[in-house]
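Data first, discussion second: the structure below is written as structure tokens.
Side-chain atoms are counted along with the backbone in the values below, which use heavy atoms only and exclude waters and symmetry mates.
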Amino acid sequence: MRHVPQPAREDLDLPAVLHALGDPVRFELVRRMASGGEVACSPDDLDVPRSTLSNHWRILREAGLTVTRPEGKARCMSLRRDDLDARFPGLVDTLFGRAGEPV
């Protein structure tokens, strides 16, 4: 897998994180990661074109919300929760609750 850019923990920027979460599809993807761990690059039950999903994943990654793990030809994304909690304590819990459900 080629290197994909993502900010270091200390470079996470709150306006970029909030902008990334401002789209309903991206918010849903992050909610799923917050509650269930890894999410496939193309979730079956999400009715969004693959090209649009790729763009959403890029925005989330570049904002520092996700990390990508290759799985064959597919990619699995997970939330950088430790980094987000260290940089912005309580943000993920405030937005998604402890179990990943919106508060």
field: Pair N55-R50, side-chain contact (heavy atoms from CB on, under 4.5 Å): steps then yes or no
entry: CA-CA 9 Å; N55 186 55; R50 287 183 78 144; over 6 Å; no
Side-chain donor-acceptor distances from residues 13-28 under 3.5 Å, at least two apart:
{"unit_1": "D13", "atom_1": "OD2", "unit_2": "A16", "atom_2": "N", "d": "3.4"}
{"unit_1": "D23", "atom_1": "OD2", "unit_2": "V25", "atom_2": "N", "d": "2.9"}
{"unit_1": "D23", "atom_1": "OD2", "unit_2": "R26", "atom_2": "N", "d": "3.2"}
{"unit_1": "R26", "atom_1": "NE", "unit_2": "A20", "atom_2": "O", "d": "2.7"}
{"unit_1": "R26", "atom_1": "NH1", "unit_2": "H56", "atom_2": "ND1", "d": "3.1"}
{"unit_1": "E28", "atom_1": "OE1", "unit_2": "R31", "atom_2": "NE", "d": "3.0"}
{"unit_1": "E28", "atom_1": "OE2", "unit_2": "R31", "atom_2": "NH2", "d": "2.8"}
{"unit_1": "E28", "atom_1": "OE2", "unit_2": "R32", "atom_2": "NE", "d": "2.8"}

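Among all heavy-atom pairs drawn from V67 and Q6, the shortest one is CA-OE1, 3.9 Å. Pairing each heavy atom of T68 with each of R61, the nearest pair is OG1-CD, 4.2 Å. Minimum interatomic distance between V92 and A34 (heavy atoms only, all atoms of both residues): CG1-CB, 4.4 Å. The nearest pair of heavy atoms linking T94 to G90 is OG1-O, 2.6 Å. Listed here is the closest heavy atom pair of E38 and S78: CG-CB, 4.0 Å. Pairing each heavy atom of P7 with each of E62, the nearest pair is CD-O, 3.4 Å.
With respect to R9 and D85, no salt bridge is recorded, no charged nitrogen being found less than 4.0 Å from a carboxylate O.
Side-chain contact between M77 and M33 is present, with heavy atoms from C-beta onward closer than 4.5 Å. Between L29 and L53 the shortest side-chain heavy-atom distance falls below 4.5 Å. Annotation: side chain of V39 is in contact with side chain of W57 (closest heavy-atom distance under 4.5 Å).
Taken from SG in C41 to NZ in K73, the straight-line distance is 12.5 Å, to the nearest 0.5 Å. Atoms CZ and SG, on R69 and C76 in that order, are 4.5 Å from each other to the nearest 0.5 Å.
The environment of CG in D44 is sparse: at most 12 heavy-atom neighbours from other residues, nucleotides or ligands sit within 6.0 Å.
Both L46 and L65 are members of a single hydrophobic cluster when ILVMFWY side chains are connected at heavy-atom separations under 4.5 Å. Hydrophobic clustering of Ile, Leu, Val, Met, Phe, Trp and Tyr side chains at less than 4.5 Å, counting indirect connections, keeps I59 apart from L12.
By the side-chain hydrogen bond (donor to acceptor under 3.5 Å, both in side chains) test, D11 pairs with no residue at all, sequence neighbours left out.
Judged by distance alone, the side chain of T52 and the main-chain N or O of V48 form no donor-acceptor pair under 3.5 Å.
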